[in-house]
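Structure first, then comments.
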Protein chains: 2
Amino acid sequence: MTADVSTQTAQKPLRADAQRNYDNLIEAAREAFRERGAEASLDDIAKRAGVGPGTLYRHFPTRDALIDAMMRDWAERIDADSQAVVDSGLPAREALQIWFTRFVDNIGLYHGAAAKVMSAMDDPKSPIYRKCQVLAAANEKVVAKAREDGALRDGVDAREVMRIVSGVSTVIDQSGLTPAQAEPMLAIVLDGILLPD
Amino acid sequence: MTADVSTQTAQKPLRADAQRNYDNLIEAAREAFRERGAEASLDDIAKRAGVGPGTLYRHFPTRDALIDAMMRDWAERIDADSQAVVDSGLPAREALQIWFTRFVDNIGLYHGAAAKVMSAMDDPKSPIYRKCQVLAAANEKVVAKAREDGALRDGVDAREVMRIVSGVSTVIDQSGLTPAQAEPMLAIVLDGILLPD
DNA sequence: GAACTATACGGAGATAGTCTCCGTTTAGCA
DNA sequence: TGCTAAACGGAGACTATCTCCGTATAGTTC
């Protein structure tokens, strides 16, 4: 009766052992990435999951494919967060402020993820590209709302807003700062896109 | 009579062959990083320079040490650029705009450098840390000038400005955009730190 | 210009990570 | 119980990092 969210999505169903290994691999990857960052050894992840490297590479041909799978629920959370903000009816500044903060929090969940997301942003070949599109759509939604409210400066483009907030996320991630320390930078972005007064 | 800028700085002088190899290594590194980005193989750089890997590692114990040496003139250029902007007597917005653009250009000279600079920013152990301090000082100078001109919003901190512009640089570098494409993001930063009107 | 020595060289090889190939195992089915 | 498509796993090829130490030589001294 409980929904098995962490399970591989639809497609042709996997054999029971394959599904088990798939799930174990993702779990092991979560651990490894949390401990060691995005450069964690893939063979080591296989070992943690109790499978051979061959099995890992069959399921996930590249590091990015694994990261992509690991972030399956991530995209859903992003989407939910953006919707919540839009539905909140808060004034533009507060709404955007919350959205940006959530953006940085979410993207900072996995060390090194911010950089991955950024390079995937303009690269349709990357497995993470889809996730970026979800992120872009969510961001677009929130920005559009602010625009409807007449709160945005002329010429502010949602795509650029997304880029710069990703940049802030990367700074946080790479300099080893806490997500809370993004606040002053996000304040600059807010002032930069909102109309004065 | 010509100043040998590219030569190792003072310290105990190197033996002639050592100095030659040192210079060749840096030149080879420039080429390799330009072609292959910051992940270029170090052994390959040694090969290009016509020396063994041992020689490379004796001169530059880590990848960062090599990058640091490669960027020797970089810090000087940064400093010169900031001084030129301060001396130009341009209004704050134009001055900052030029400075930010130069910042992104300079930091984008070597693929992958933006990320390196960012992780070194808060890490005194990194060889690149000093360069970051030069960069920070240069930035501080330009921002301080704008503040004297009464052009800045309250609470704008030079350190945060530097961080966010580094973030923009990283976006450009990692997404494979051209430095010119930083302009919309820099516009946001400008509006975010300057007083309205 | 020969001899000496501190300085520097270079490359073989230890270590470690990525990724593949293919012989072996097993889940699911009849 | 037997069959077969699906999946496993680990040996090993490949590549990159980094070290160790026997060899070579720049610079000096007489």
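Quick caveat, the model's predicted, so the values are computed rather than measured.
Along DNA chain D, read 5' to 3', the first and last nucleotides having any atom under 4.0 Å from a heavy atom of chain B are D/dT17 to D/dG27.
Expressed to the nearest 0.5 Å, how far CG of B/Asp79 lies from CG of B/Asp73 amounts to 13.0 Å. Atoms CG and CG, from A/Leu56 and A/Asp43 in turn, are 8.0 Å apart once rounded to the nearest 0.5 Å. Atom CG of residue A/Asp81 and atom CZ of residue A/Arg77 lie 7.5 Å apart, to the nearest 0.5 angstrom.
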Side-chain donor-acceptor distances from residues 134-147 of chain B under 3.5 Å, at least two apart:
from     : atom 1 : to       : atom 2 : distance (Å)
B/Asn139 : OD1    : B/Trp99  : NE1    : 3.0
B/Asn139 : ND2    : B/Ala158 : O      : 3.1
B/Lys141 : NZ     : B/Ser82  : OG     : 3.3
B/Lys141 : NZ     : B/Gln83  : OE1    : 2.9
B/Arg147 : NH2    : B/Val156 : O      : 2.2

With a cut-off of 3.5 Å and sequence neighbours excluded, list every side-chain donor-acceptor pair involving residues 107-117 of chain A.
from     : atom 1 : to       : atom 2 : distance (Å)
A/Tyr110 : OH     : A/Arg30  : NE     : 3.1
A/His111 : ND1    : A/Asp173 : OD1    : 2.8
A/Lys116 : NZ     : A/Asp64  : OD1    : 3.3

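At whole-Å resolution of the value, CD in B/Glu39 and C1' in C/dT18 are 15 Å apart. Distance CD (B/Gln19) to C1' (C/dT7): 14 Å, rounded to an integer number of Å. The CZ-P distance, from B/Arg15 to C/dT5, rounds to 15 Å in whole Å. In this structure, the CG atom of B/Asp17 is 12 Å from the C1' atom of C/dA6, given to the nearest Å.
Partners of B/Ala40 by side-chain contact (heavy atoms from CB on, under 4.5 Å), not counting sequence neighbours, listed by chain and number: B/Ala32, B/Phe33, B/Arg36.
The residue among A/Val51 and B/Ala40 whose nearest nucleotide of DNA chain D lies closer to the 5′ end is A/Val51. Sequence order on DNA chain D of the closest nucleotides to B/Arg20 and B/Asp44 puts B/Asp44 first from the 5' end.
Within the nucleic acid shown, A/Asp43 comes within 4.0 Å of at least one base atom, counting heavy atoms only. Residue A/Asn21 is classed as a sugar-phosphate contact, given heavy-atom separations below 4.0 Å to backbone atoms only.
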Report task. Carefully, step by step, assess A/Arg15 and A/Asp17 under the rule salt bridge (charged side-chain N to carboxylate O under 4.0 Å, His left out). Result -> CA-CA 6 Å; A/Arg15 226 170 69 171; A/Asp17 54 349; 2.8 Å; yes
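In this structure, the side chain of A/Ser126 engages the main chain of A/Ile128 through a donor-acceptor pair within 3.5 Å.
Under the side chain to side chain donor-acceptor pair (under 3.5 Å) criterion, the residue pairs touching residues 48-63 of chain B are B/Glu31-B/Arg48, B/Glu35-B/Arg48, B/Asp44-B/Arg48, with sequence neighbours excluded.
Proximity of residues 54-70 of chain B to DNA chain D (heavy atom under 4.0 angstrom from any strand atom) is restricted to B/Gly54, B/Tyr57, B/Arg63.
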